[in-house]
Amino acid sequence: MNETGNRNGRGGGASANAMWGGRFAVGPAEAMERINASIDFDRRLYREDVEASRAHAAMLVSQGIVSPEDGEAIRRGLDQVLQEIESGDFVFSAALEDIHMNVEARLAEIVGAPAGRLHTARSRNDQVATDFRLWLRGALDALDGQLRDLQAALIAQAEAEADTAMPGYTHLQAAQPVTFGHHMLAYVEMFGRDRGRLADCRARLNESPLGAAALAGTSFPIDRSMTAAALGFDRPMRNSLDAVSARDFALEFLAAGAILAVHLSRLAEELVVWCSQGFAFVRLSDAFTTGSSIMPQKKNPDAAELVRGKAGRVIGDLNALLVTMKGLPMAYGKDMQEDKEPVFDAVDTLGLCLLATTGMIADMTADRARLAAACEAGFLTATDLADWLVRAASLPFREAHHVTGQLVRLAEEKGCDLAELSLEEMIEVEPCITHDVFSVLTVARSVASRTSYGGTAPERVRAAAAEARERFL
Ligand code: ARG
């Protein structure tokens, strides 16, 4: 809603603001009001704003700063404000700038004089910092749950495809066979670290700015530990200047969010490649693809492309706030009102990307036949051959590497696979090769042999999936 002029007929350019207009003769210019108002986006903080006001009012009463009767009127009034906002009956006003003044002005309409006592020993500077931390804390918890869901989908795929061999790549060149399950579990680890980064951010942000007031603290005998506890914070922030001016909690979230977006983008890119005709390693479900209006055969991975593309937004959100905060002097500056939109955008974008990615992974089908066929090209077992020469024929690895290179060239010339060379052909290149070499040249033997900790062998993948279930789900 973009209305100007508040419900009392004040503001709107003609007269001074009801909340701070004491020293003002005339109201703001229209452009001033528009550039100043944040209500169009910070209304998302309404629940936290009411919650923090409740805690503050209860503390003022308990400290004897506000009478129990006034405290009770404020409490009831805040309940009504919350109910009006949630039912959609609340009329937001741009002349009242932000969520804090909108809530307080409506409270005054509902309960009258006692409303004016709520802002004792408080400023919008500590209020907005408190609301924003509370809001982001809730958003971090929701994102953590979504990341867990994505990990669950990846682990389920890993278990189903623990034995499925596929080409593993470096430089996007076929390198060695790996299992599809192993590839899924690589992402489980990445998203696990993303959860860790968000959890670190949550732990550090969970201190209460409330009671720092405008910047210097207050002369009223407030109890900051009481409001901190009531709002689920671990403790009050130790320095009032820092409390109102710190936005590194938002930056830390955006940095962790940008890394998460990059991880999602990498997975999305693999899905795009894997469902292209050249690979055809997986099929995405109809639910997460679209058709073409002109080419009837097409099934486009739009959701994956959009997840890949939206990383740009989240990285931009981080950059926007970094640049806004750079060079800001102590303590609060109105520049900081620009902190909310990037954070809201990043939370919304990541939430949607996680939803779509989890859906794609859960519905995806690995094409085992295509994956097996792809393993037959590219001499994927060349390293196994070199390792065999080291183990069975005691060649130094460098020499084994050279011999294997010659055999690959021979196979390439003949247009066949390594396993299709005859023993005689091999012996011509390296006399100590025996028939036993053929036992390591199959893809299944190759993956089964990678039993080192963190390796791709199916038995390892099954154990790793079980362990990941324990650790993450
Ligand atoms: N809407 C403001 C913000 O988001 C609230 C704090 C305003 N403080 C002030 N002193 N004008 O930053």
Side-chain angles (χ1 to χ4, degrees), residues 1-4 6 10-11 16-24 27-29 31-53 56 81 85 90 92-107 118-139 205 208-218 237 240-251 253-254 317 320-347:
M1 201 182 308
N2 227 336
E3 70 186 78
T4 52
N6 73 24
R10 290 183 295 253
N17 183 288
M19 296 290 164
W20 42 254
R23 78 186 295 278
F24 287 76
M32 174 63 211
E33 192 169 283
R34 276 176 49 204
I35 198 170
N36 206 30
S38 54
I39 188 63
D40 280 349
F41 51 86
D42 70 14
R43 64 176 64 182
R44 283 181 77 163
L45 302 175
Y46 76 89
R47 200 193 311 269
E48 291 75 20
D49 195 70
V50 169
E51 198 188 338
S53 286
H56 184 67
V81 168
I85 295 176
F90 195 94
F92 289 100
S93 157
L96 288 165
E97 284 184 41
D98 56 26
I99 186 62
H100 324 293
M101 296 211 290
N102 270 269
V103 167
E104 199 185 320
R106 180 66 189 132
L107 183 69
L118 174 61
H119 214 53
T120 313
R122 185 179 83 170
S123 153
R124 275 188 293 154
N125 296 350
D126 59 340
Q127 205 180 348
V128 71
T130 303
D131 293 1
F132 200 23
R133 280 174 191 260
L134 288 173
W135 187 90
L136 185 54
R137 190 177 70 187
L205 75 68
S208 174
L210 196 57
L215 75 165
T218 175
M237 289 182 77
S240 64
L241 290 168
D242 179 47
V244 295
S245 75
R247 291 296 182 272
D248 52 304
F249 68 94
L251 290 172
F253 158 66
L254 290 171
D317 291 330
L321 190 56
L322 279 171
V323 176
T324 292
M325 293 307 296
K326 180 197 166 296
L328 279 194
M330 287 275 178
Y332 175 84
K334 198 64 174 254
D335 319 46
M336 291 180 195
Q337 182 163 283
E338 293 293 310
D339 60 359
K340 287 168 217 61
E341 286 168 292
V343 168
F344 291 156
D345 184 68
V347 167

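First listed ligand is number 1; within each ligand, the first listed atom is number 1.
Here the side chain of Asn36 pairs no donor or acceptor atom with the backbone of Glu33 at under 3.5 angstrom. Side chain of Asp98 to backbone of Met101: a donor-acceptor contact under 3.5 angstrom is found. Within the 3.5 Å criterion, the main-chain N or O of Met325 finds no donor-acceptor partner in the side chain of Asp335. Between the side chain of Thr218 and the backbone N or O of Ala213 there is no donor-acceptor pair closer than 3.5 Å.
The ligand atoms of ligand 1 that sit less than 4.0 angstrom from a heavy atom of Ser38 are 1 (N). Of all atoms in ligand 1, numbered sequentially from 1 with element shown, those under 4.0 Å from a heavy atom of Asp98 are 1 (N), 2 (C), 5 (C).
Ligand 1 has at least one atom lying under 4.0 Å from a heavy atom of Lys340.
Tested against Trp135 for a ring pair (Phe, Tyr, Trp, His ring centres under 6.0 Å), the candidates Tyr46, Phe344, Phe253 yield a single pass: Phe344.
Of the listed options Glu97, Arg247, Gln337, Gln337 places a heavy atom closest to atom 2 (C) of ligand 1.
Taking the centre of each ring, Phe132 and Phe249 come in below the 6.0 Å mark.
Looking only at heavy atoms of the protein, atom 6 (C) of ligand 1 is closest to Tyr332 OH, 3.4 Å. In this structure, atom 10 (N) of ligand 1 lies nearest to the protein heavy atom Asn125 OD1, 3.0 Å. Nearest protein heavy-atom neighbour of atom 11 (N) of ligand 1: Arg124 NH2, 3.4 Å.
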